[in-house]
Amino acid sequence: MRKMTSLILVLSMLLAVVACSNANELNNTASPKGDNAEDGLQLEPGAELLIWASKEDLPFMNAVSKQYTEKHGVPITIQEVGAGDTLNKLTTDGPAQIGADVVIFTHDHLGKAVAAGLVLPNDVWQEDTKSANKDNIIRAVSYGNIMYGYPLSIEAPIMFYNKQLVPDPPVTFEEVVEFAKGYNDPDKAKFALMWEIENFYFNYMFIATNGGYVFGNNGVNFNDIGLNNEGAAEGVAYYGSLKDELLPVRTGDVTYDVKKGQFLSGQLAMNIDGPWLVGELKKKGDMYGAVPIPSINGKPSVSSSGVKSWYVNSYTSYPNAAKSFAHFASSKDAQLLNFQLTGAAPSNSEVMLDEGVQKDEFVSAIAKQFENSYPMPSIQEMSAVWIPMAAAMSDVWNNGADVKQALDQAVGQIKDSISGGSSGGGL
Amino acid sequence: MNGRRKRKSTLSNLLGYAILILISLCTLYPALWVVLSSLREGSSLYSPDLIPRASTLEHYRELFESRTLLFKRWYWNTVKISVISMVLGTLLTTLVAYAFSRFRFYGRRTSMSILLSLSMFPGFMSMIAIYVLLLQMKLLDTHIAVILVYAAGAPVFGAFVSKGILDTIPRSIDESARMDGASHLRVFVSIILPLARPMLTYLALTNFVGAWVDFIFARLILRSKEQWTVAVGLWDMVSSYQNSNFTMFSAGAVLVAIPITVLFMYLQRYLVGGLTSGASKG
Amino acid sequence: MKRYSKTAVILSLLCMGLGQLYNRQFMKGIVFLAIHMVGLYYSILYVPGAVRGLLTLGDHAARMELVGKIYQHLAGDHSIYLMIEGLIILALAVIYLGIYLLNIKDAHDAGRIRESGKSIHTFRQDMYALLDRKFAYLLLALPAAGILIFTVMPIIFMILLAFTNYSAPDHIPPAKLVDWTGFQSFIDLLQLKTWSKTFYGVLIWTIIWAVLSTITTYFSGILIALLIQRKGIRFKTMWRTILILPYAIPQIISLLVMRNLFNGQFGPINQYLSYFGLGKLPWLSDPVWAKATVIAVNMWIGMPLTMVLMMGVLSTIPKEFYEAAEVDGATGLQRFRFITLPMILFSTAPILIIQFAGNFNNFNVIYLMTNGNPVQPDYQYAGSTDLLVTWLYKLTLESSKFSTASAIGIIIFLIIASLSIGSYRRSRSFREEDMFQ
């Protein structure tokens, strides 16, 4: 009998695998009880939708999906998926036909999603969407001149401050430095202001405010890199000078966790961070406030920013229902609801003017900062930028490296990486 | 003469205690941080002081009471997966080790070299293949799939260690049993297994712990939240800015450490079992 | 004399099981025949498609089509799925062929037995042989199946990827097809000179790291196990339980905690140092210090498991050895040097090698503890503590260059394999495995 037994076993297991592989067709036996959405778009009979939403968004998701179901009779299931996980999950589960019909992610993931063909364009309601949002938002949710997203909310880094320690939040970096002179006490680990000094997402403001940029032509021309131009170098030199005057620590020591811990324990007076911190600060009552990032060299700080939008999965079985939901859930009313339930800053220009929204100091700080911001490029070449730029700027901060040389080197590495990539699988 | 020797051994015992205490302190200090972080208010792991200024059991309560967290369910899933994959993984590994240690068959050395080299591939890309495979087998999002992956992977990393230990059990013992007419199966079950208890302990521990701490494969396979294991749930708590909740994460980690430690406390008696003096004579 | 074997071989070649039936091994013949039917059915059904899919990797990708003002998504071939499905089916086909060969050989052997005039084995005797002489194969059957499916097949897939152009931004399925490109990924790697400095720097540190972290955990594990198992030491259970804790706490959390403890500015360790009037140390922000710190932290994490293993190994050392040594008047050190250490090395040489390979590929510790930092501006996409795997991750996977990732993965494998398999084959554990007869 030799090795028969083992072989039979393997054989039968593999057979089972193959036998299953051809039974993949979807069984669609829904009863026709279709419905017309506003624009005369015929909803698929028997449509039902699956939505992925992160934990923070759940209150809004539950409410808005309930409204939609009541109006159009389409049942909706919500599955909780972490915000950072959504795209990865869509990459594997979308083509496998087990993904959500409608998902939500920030625009910087769009390039990856489009390159893999994972999302459908926003076609039926493109005029609606365009008229409701400003140009830079539309640009952020578009890729290669096709608009994909249904914008829901905006994100931008802002400066949070401890109201007890900072009665008058500074509006220029010079004022911050001034404040630090009376406040900093390195031995007691007390500092005036922190941001993640190694993270390019936050350091971007020093480059952009003085005329630097990542990619030309609104972040799509990767052959035009503006990270080592004169303005960028000037900004990075100023950044380097802040080590002595403002924050005499090495870049590796300011981690997100340490910074947050310091801020919440009342050691740190001011903290540049993203909107994700708002929820936790609100729990502490009226202890913390927020303002736009202080101006740099007399110019209002230009920061990076993000647009959170709905997207429709290419592999959805009910594209019409999915599009109709994405449109419904990004409408004016929905955005207002989102603000009320989760405190998110609306993307819709009209909702922004709402009295309640205006009164919220966190949201209005985000909105003001967003005015002076560039949404991070969403093209895939962006992934080549983070590490070399973090290395170059840390080198300037920690070791006082020559600014121009450090930036030139970083840009050289970025160019190498990008050109290697497009030639098909190089470095 | 005798007294000097005694004094010398007391002295070296004292030194031994001193070293053990020192190492224990080094071990306990970071562990204590984890425990105390789980009692700290707020959500950040960092704190300038070891002892929390304000302590709370809030994080534990939320873990068990929160309706969005499903922690109890994850815990039960993990218990299930870890126990089954511990039994299966240990069994499969022992079979491989026993075959390699006790039998001289055609292709043995080649298969040993292949097995050894399998553990050296950086495994990143293989994840996609496992995903598609499980998708085709309609096993995605099931616990069976996780157990299969863990158990099937166990011999790749454990078989060599186990074979090394089995090699030290003199073959004269099982050969004399074979002479007396015992079947291979009987020799394996009633002679080798009892003698190899320390090895089984080691294998059981590593396979059990794997299921509690692995979030990479579990996250790949378990697509819906209801099916997650504790490790996946914990990873989800800290994987993004938006929801980085380190203190609750610590609380979860403490709850993970408990079953592992308990299992070890139970198993450690078998670590010192093994060969008794003179066993090879019988 | 009748040529049974020749006839049997020809019959078995024509159709599985016929030779056995001819040899009057009816049960076995029927089993083979059944396998043949099933195998042939599935082969005809799936093999042509699988081969085609594997060769072409798909004809048309998924695409969007503008109908009026509505985009329609038309599904297409997913190259990666085609590749994996093709692999599974080919694996099956290979096994089928293997059984076919087995069937022919079996028919031949049985024919030979008949020629020599002996009576052929009954089915029962064959089964008995499986439990006796062939018991090892029986033992290995189930684990081998598992390893084949969940380890070997994925690794072959990974190797194949290196010969495609599966890479962002232009070849990501399902929007685009992936094609075979031969050795292009490797050629690209060799031609790009800019990264060579980074490669050698990272490689050297990776080897240093793998050697040091293996040695430190290994010997600290041995020493602690010996210390606890000493005769004079009491509260053994307590010591063991305390020392297992680093293993019981999930690595993610302990590494994050460590990162905070060793923080140069805000970490408690430096605060304690300053209480004693000592200066702050750049635990994680200076390249050399950071390397030492990660090795120390890795020792903290890895020591408990080695301790458990070593306790197991120690307990297998026959006590007669020590008794004999005692009679000869050997000192404690001598006993360690001439009995304990050789015994431990004998049975754990493989684990040294596996740990070396594991540390070489130790993604978690570096990624979670330092993420490769402190930064090293001279390197391309790597920091001072980056290992080859974490570098590979940053360089390729963060930007979805899967084919390059696979090519580098293969190179890393070749490095580890050449370093470790050779040393394993030279170890006593491999050469003199029959030491204990």
Could you tell me which portion of [X] (side chain, backbone, both or neither) has an atom closer than 4.5 angstrom to a non-hydrogen atom of chain A?
X: C:R63; result: neither
X: C:P374; result: neither
X: C:I70; result: both
X: C:Y379; result: backbone
X: C:T370; result: neither
X: C:D378; result: both
X: C:Y381; result: both

Show me the donor-acceptor pairs within less than 3.5 Å that the side chains of residues 114-123 of chain A make with the rest of the protein, sequence neighbours left out.
{"unit_1": "A:N122", "atom_1": "ND2", "unit_2": "A:T129", "atom_2": "OG1", "d": "3.0"}
{"unit_1": "A:N122", "atom_1": "ND2", "unit_2": "A:G149", "atom_2": "O", "d": "3.0"}
{"unit_1": "A:D123", "atom_1": "OD1", "unit_2": "A:K323", "atom_2": "NZ", "d": "3.2"}
{"unit_1": "A:D123", "atom_1": "OD2", "unit_2": "A:K323", "atom_2": "NZ", "d": "3.2"}
{"unit_1": "A:D123", "atom_1": "OD2", "unit_2": "C:Y71", "atom_2": "N", "d": "2.7"}

Looking at [options], which one has more heavy-atom pairs under 4.5 Å with chain C than the rest?
options: A:A406, A:G252, A:P388; value: A:P388
options: A:N399, A:N398, A:D187, A:D395; value: A:D395
options: A:S394, A:A391, A:S314, A:G412; value: A:S314

Legend entry - Which atom of A:Q409 lies closest to which atom of C:P377, heavy atoms considered: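 Here A:Q409 and C:P377 meet closest at NE2-O, 3.0 Å.
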Legend entry - Considering all heavy atoms, the nearest C:Q265-A:V249 contact: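 Of all heavy-atom pairs spanning C:Q265 and A:V249, the closest is CG-CG1, 3.2 Å.
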Legend entry - Test item: C:L256 and A:D257 side chains (from C-beta on) under 4.5 Å apart, heavy atoms: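 A side-chain contact under 4.5 Å is absent here.
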Legend entry - Min side-chain heavy-atom separation A:S417-C:K401 under 4.5 Å: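 A:S417 vs C:K401: side chains touch.
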Using non-hydrogen atoms only, which part of [X] is less than 4.5 Å away from chain C: side chain, backbone, both, or neither?
X: A:A410; value: neither
X: A:P319; value: neither
X: A:I146; value: side chain
X: A:A189; value: both
X: A:Q262; value: side chain
X: A:Q413; value: both

Legend entry - Main-chain N/O of A:D253 paired with C:N263 side-chain donor or acceptor, under 3.5 Å: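 Indeed, once roles are kept as given, a pair shorter than 3.5 Å links the two residues.
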Legend entry - Backbone N/O of C:H73 and side chain of A:Y315: donor-acceptor pair under 3.5 Å: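 Not confirmed, A:Y315 side chain does not pair with C:H73 backbone.
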Inset, instruction - Kindly check if the number of other-residue, nucleotide or ligand heavy atoms within 6.0 Å of CD (C:Q271) is above 12? - result: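 Above 12, so yes.
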Could you state the interatomic distance from [atom1] ([X]) to [atom2] ([Y]), rounded to the nearest 0.5 Å?
X: A:R250; Y: C:D286; atom1: CZ; atom2: CG; result: 6.5 Å
X: C:S399; Y: A:M382; atom1: OG; atom2: CE; result: 12.5 Å
X: C:I172; Y: A:T91; atom1: CD1; atom2: OG1; result: 9.0 Å
X: C:N371; Y: A:T255; atom1: CG; atom2: OG1; result: 12.0 Å
X: A:Q380; Y: C:S400; atom1: CD; atom2: OG; result: 5.5 Å
X: A:E198; Y: C:N373; atom1: CD; atom2: CG; result: 4.5 Å

Inset, instruction - Return the set of residues passing side-chain contact (heavy atoms from CB on, under 4.5 Å) with C:D179 (not counting sequence neighbours), or none when no residue passes. - result: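 Only C:N165 meet the side-chain contact (heavy atoms from CB on, under 4.5 Å) criterion with C:D179.
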Inset, instruction - Flag the one option from C:I187, C:V375, C:N260 with the top tally of heavy-atom pairs under 4.5 Å to chain A. - result: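 Going by pairs under 4.5 Å, I would pick C:V375.
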